[in-house]
Amino acid sequence: MTTLAVAVGFGVAAAAGTILRWRVSVALGPGGTLLINICGAFALGLLASTSGAAATILGTAGLGALTTVSGIFPESIRLSRASPLLALGYISLTITGATAAATAGLALA
């Protein structure tokens with residue numbers, strides 16, 4: 001794969017991941033961000049045993065843009081205004097859910 005093809009693929013995958021994350025988060029709120037992060041962790045677990053440019057593009061650009069820690073913090077702050085325990089549960093579920101999903105993806109790969 002040429003350097004130009006990798007660069008274009010990287011840009012396309014990053015844009016697609018960002019747009020998908022934004023649309024799901026807007027539609028579903030904090031639950032959407034949680035869903036995206038858990039699904040992305042699972043997909044990254046599946047990709048972890050692969051190599052090559054396609055895996056780098058999908059894993060780093062696509063899934064990196066799809067899942068984001070920066071999306072967790074604004075959601076947590078909004079939730080903490082309603083209930084600090086709700087925000088703590090959200091953060092805990094994000095971390096444990098994403099870890100379990102990545103582990104499942106690795107086991108299936």
Side-chain angles (χ1 to χ4, degrees):
M1 196 176 283
T2 68
T3 303
L4 179 60
V6 170
V8 169
F10 201 88
V12 169
T18 301
I19 291 167
L20 180 59
R21 176 180 34 86
W22 174 75
R23 294 194 71 164
V24 171
S25 295
V26 167
L28 302 176
T33 303
L34 177 66
L35 177 67
I36 285 291
N37 284 326
I38 290 174
C39 289
F42 177 75
L44 196 54
L46 288 174
L47 273 177
S49 65
T50 63
S51 62
T56 301
I57 290 168
L58 289 174
T60 305
L63 295 174
L66 177 68
T67 61
T68 178
V69 172
S70 64
I72 298 168
F73 296 119
E75 301 291 359
S76 299
I77 290 169
R78 279 187 223 116
L79 290 171
S80 71
R81 290 183 183 134
S83 167
L85 283 176
L86 185 61
L88 180 60
Y90 176 76
I91 293 167
S92 298
L93 187 57
T94 298
I95 292 168
T96 57
T99 301
T103 302
L106 281 167
L108 291 173

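The structure displayed is predicted, hence computed values, not measured ones.
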Honestly curious: do [X] and [Y] fall in one hydrophobic cluster under the side-chain, below-4.5 Å linking rule?
X	Y	result
L44	L20	yes
L66	L28	yes
L4	V12	yes

Any side-chain heavy-atom pair of [X] and [Y] under 4.5 Å:
X	Y	answer
L63	L58	no
L86	Y90	no
L79	P30	yes
T67	R21	no

Quick one: [atom1] on [X] to [atom2] on [Y], what's the gap to the nearest 0.5 Å?
X	Y	atom1	atom2	answer
T94	L35	OG1	CG	11.0 Å
T60	L47	OG1	CG	9.5 Å
W22	I36	CH2	CD1	13.0 Å

I'd like to know if the side chain of N37 reaches the main chain of T68, judged simply by a donor and an acceptor atom lying under 3.5 Å from each other, with no hydrogens or angles considered.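 Confirmed, N37 side chain pairs with T68 backbone.
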Output yes when a side-chain donor or acceptor of S80 lies under 3.5 Å from a complementary backbone atom of S83, and no otherwise.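 Side chain of S80 to backbone of S83, a donor-acceptor pair under 3.5 Å: no, none is there.
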Might you point out which heavy atoms bring [X] and [Y] nearest each other, and give the distance in Å?
X	Y	value
A14	A65	O-CB, 3.3 Å
A109	G45	CB-O, 4.1 Å
L93	I38	O-CD1, 4.4 Å
T99	T103	O-OG1, 2.8 Å
A61	F10	CB-O, 3.3 Å

